[in-house]
Chemist: 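Encoded as structure tokens, here's the structure I'll be asking about.
Values reported hereafter were calculated over all heavy atoms of this structure, with side chains retained and with hydrogens, waters and symmetry mates removed. Each ligand, and each atom within it, is numbered from 1 in the order the structure gives.
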Amino acid sequence: MDTKVSFIRSLCAGEIEQDVVFPYPEMDPDERELLVSVLDSVDALLKDRGEDFRKWDVAGEMPPEFVDELRQFGLFGLIVPEDAGGMGFGNMAYSRTLQQIARHDASVAVTVGAHSSIGMRGLKLFGTDDQKARYYEKLATGEMIAAFCLTEAGAGSDAASVRTTAVEHDDHYLLNGTKIWITNGGIGDFFTVFAKTGAAGARSKMSAFIVTRDMPGVSIGPHEDKMGLRASSTTSVYLEDVKVPKENLLGERDKGFRVAMAILNSGRSGLGGGAVGAMKRLIALTAKYATERKQFGEPIGSFGLIKQKVGQMVVDCYAAESAVQVVAALSDRGYADYSVEAAIIKVFATEALWRTADEALQTAGGTGFMREYPYEMVMRDSRINRIFEGTNEVLRLFIALTTLNDVGQDLKEMASSLKGIFDHPIKGFGVLYEYAVRRASWATGVGTDKGSLTKVHTALAAETEVFEDLTRQLAGMADVVLRKHGKNIIGKQFATRRMADVMIDLWVFACVLSRVTAAIEKDGAEAVAPQIEIARTFAGQADQRVRQNLRRIDRNDDELIKSLAERTYEDLAYTWDVI
Ligand SMILES: Cc1cc2nc3c(=O)[nH]c(=O)nc-3n(C[C@H](O)[C@H](O)[C@H](O)COP(=O)(O)OP(=O)(O)OC[C@H]3O[C@@H](n4cnc5c(N)ncnc54)[C@H](O)[C@@H]3O)c2cc1C
């Protein structure tokens with residue numbers, strides 16, 4: 001299989017690279033066996049702790065004794081290779097484990113997840129043998145807990161603007177700066193820190209370093225008082241004249257932005273798994289409540305409006321789970337670049353969870369609002385997912401702009417100008433201007449074999465047709481958008497967002513078709529009828545959303561909305577009243 005093909009990019013050219021998504025990925029049997037026993041341990045550790053999680057949420061802290069229990073259960077060693085004392089999980093098994101933890105508590109999931117998904121992921125992806133020999137075992141046992149230190153007061157979404165400096169000396173770098181909102185900051189000993197190593201200037205190049213808590217000059221701020229994930233540790237990390245040995249440089253010098261993005265990409269199936277776990281919990285809670293609570297002499301679950309909510313939760317959860325698994329598998333199989341698909345699952349799964357949390361609370365009515373019940377806590381805990389590890393707005397820009405830019409890659413003369421695109425997906429888009437004015441016609445896979453989806457089971461023939469048709473629509477619109485806007489697409493965020501939403505729907509749609517096909521092939525269409533219904537429902541909904549988004553790229557009220565926003569910035573208020 002060609003591991004360099006990008007599914008979404010090909011889709012924009014009207015080509016369906018089905019081998020990326022078909023057959024639906026399966027776990028290695030040995031890994032699966034180990035995973036099942038780990039999931040059992042997770043349940044044994046967490047299942048009767050609801051009262052504790054509630055207490056720690058109110059207190060805003062997780063007791064150190066419980067963190068010790070997580071260590072004893074080996075939950076910090078999930079992705080560390082077996083020969084270094086870990087479980088050696090690939091992303092599929094890792095993501096499924098986070099799903100199981102998140103079914104019990106989000107603060108626990110984020111504590112374990114920040115360690116493996118982002119804290120020590122840089123060591124796994126870029127570490128030298130010496131670095132791994134020094135840290136792997138301690139990270140596997142949880143003797144060292146890891147944290148990822150990128151964000152600063154002036155550098156949130158614009159991560160390249162960090163101001164922490166790393167000045168080179170004979171045998172070390174001297175680090176100075178302040179990182180904020182660092183998950184596991186208060187309990188961490190191993191910090192993946194990003195600092196400027198280029199010439200002076202806000203946007204100069206940065207590098208990644210392994211910094212340990214015992215290094216003189218490292219100190220930690222107080223525990224942040226947060227809306228959700230309250231028991232998980234979030235603190236500032238201060239670096240004051242910290243001497244970091246040169247052998248602690250992680251990856252290549254000046255390539256820190258690339259290191260940070262690779263870590264976040266690779267970790268996204270963990271966050272996606274966590275979101276799916278929380279959705280499964282909410283679905284179980286809602287089903288129970290809806291069947292037990294009676295109004296007007298009937299269980300509320302018998303009413304159409306409640307069924308609509310629960311059915312939609314199931315479709316959203318199945319779709320998110322399907323796509324998370326495919327992205328995890330792409331990472332396990334060594335795909336060269338699945339960053340767009342990874343960004344898609346982050347956006348889709350976190351928004352699906354938010355809708356689910358909202359509808360679960362609504363189904364529970366006033367009960368949902370009471371702190372005595374779990375709904376409000378799950379909702380508070382879920383909210384951050386759309387913000388951290390790349391906000392969903394910035395990820396949408398990344399999805400659409402990177403893809404559309406990549407579409408032009410076949411033009412040889414553009415290749416050199418495209419080099420910086422990974423570091424600067426938004427700025428780098430300027431090269432498309434040339435493409436847009438030169439390209440007179442758009443060669444797409446439409447009408448050829450490449451525009452067909454042949455691997456879907458025939459029981460899903462109608463849905464396959466919908467997918468193929470939407471692909472043609474996307475390819476056509478990509479052409480129109482590129483020709484119309486060229487480099488100015490950077491400033492057209494309304495259009496970019498719609499393109500991103502179309503891409504999100506089509507990637508998730510493809511993953512659902514693949515999963516249901518595998519299910520039919522294994523057990524027969526009759527046995528998996530509910531999954532076929534899910535695929536049908538998703539197909540119908542995606543069809544409507546995609547068409548609406550594409551239609552509104554040209555026909556919309558964007559200028560009116562923009563002008564209302566600009567007017568509000570001038571007044572700094574809503575200026576109308578009824579008196
Ligand atoms: C509980 C918690 C845990 C965290 N854990 C960590 C951690 O472990 N390590 C770490 O390094 N960081 C961590 N963070 C920081 C987190 O990653 C950042 O909050 C996030 O990247 C967004 O940055 P910001 O908050 O500065 O928002 P901003 O970047 O200021 O964004 C504000 C708003 O503007 C939008 N926006 C920004 N730029 C654009 C644009 N170009 N176009 C359109 N809209 C835009 C955003 O989408 C957002 O809606 C954590 C934060 C929280 C709250």
Chemist: Would you confirm whether Ser207, through its side chain, and Asp254, through its main-chain N or O, come within 3.5 Å as a donor-acceptor pair?
Modeler: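 Present.
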Chemist: Any heavy atom of Val394 sitting closer than 4.0 Å to ligand 1?
Modeler: yes
Chemist: With respect to Gln493, determine whether any N or O atom, backbone or side chain, lies less than 3.5 Å from an N or O atom of ligand 1.
Modeler: yes
Chemist: Any Lys/Arg nitrogen of Lys138 or Asp189 sitting under 4.0 Å from an Asp/Glu carboxylate oxygen of the other?
Modeler: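 Here Lys138 does not pair with Asp189 in a salt bridge, since their nearest N and O are not under 4.0 Å apart.
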Chemist: Within a distance under 4.0 Å of any heavy atom of Leu150, pick out the atoms of ligand 1 and give their elements.
Modeler: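 So the atoms of ligand 1 that pass are 11 (O).
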Chemist: Examine the proximity of ligand 1 to Leu397 and report which part, side chain or backbone, both or neither, has a heavy atom under 4.0 Å away.
Modeler: side chain
Chemist: Tell me, which pairs form a side-chain hydrogen bond (donor to acceptor under 3.5 Å, both in side chains) where one or both residues lie in residues 144-156, sequence neighbours left out?
Modeler: Glu152-Thr164, Glu152-Lys179
Chemist: In Å and rounded to the nearest 0.5 Å, what is the NE2 to OG1 distance from His115 to Thr183?
Modeler: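 So the gap between those two atoms works out to 13.5 Å.
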Chemist: Parallel, tilted or perpendicular: which fits the ring planes of Trp56 and Phe66, with parallel below 30° and perpendicular above 60°?
Modeler: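 Correct class here is tilted.
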Chemist: For atom 46 (C) of ligand 1, which candidate among Thr391, Asn184, Val193 holds the nearest heavy atom?
Modeler: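 Of the listed residues, Thr391 has the closest heavy atom.
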Chemist: Heavy atoms only: which of Phe398, Phe194, Phe191, Phe388 lies closest to atom 2 (C) of ligand 1?
Modeler: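 Of the listed residues, Phe388 has the closest heavy atom.
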Chemist: May I ask you to check whether Phe148 has an N/O atom sitting below 3.5 Å from an N/O atom of ligand 1?
Modeler: yes
Chemist: If we only count N/O pairs under 3.5 Å, is Thr183 in contact with ligand 1?
Modeler: yes
Chemist: Tell me which one of Ile118, Thr192, Thr151 gets a heavy atom nearest to atom 10 (C) of ligand 1.
Modeler: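 Nearest option to atom 10 (C) of ligand 1, by heavy atoms: Thr151.
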Chemist: Can you list everything that forms a side-chain contact (heavy atoms from CB on, under 4.5 Å) with Lys280? Sequence neighbours excluded, please.
Modeler: Gln99, Arg103, Val276, Cys317, Glu321
Chemist: Any ion pair linking Glu359 and Arg355 (charged N to carboxylate O, less than 4.0 Å)?
Modeler: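 Judged by the 4.0 Å cut-off on N to carboxylate O distance, Arg355 and Glu359 do not form a salt bridge.
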Chemist: With atoms numbered from 1 as shown, which atoms in ligand 1 lie under 4.0 angstrom from a non-hydrogen atom of Glu389?
Modeler: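 Heavy-atom distances to Glu389 below 4.0 Å select 17 (O).
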Chemist: So, does Ser161 use its side chain to make a donor-acceptor pair with the main chain of Asp158 at under 3.5 Å?
Modeler: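 Between the backbone of Asp158 and the side chain of Ser161 there is a qualifying donor-acceptor contact (under 3.5 Å).
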Chemist: Report yes if Lys226 has an N/O atom closer than 3.5 Å to an N/O atom of ligand 1; otherwise report no.
Modeler: no
Chemist: Any N/O of Ile384 closer than 3.5 Å to an N/O of ligand 1?
Modeler: no
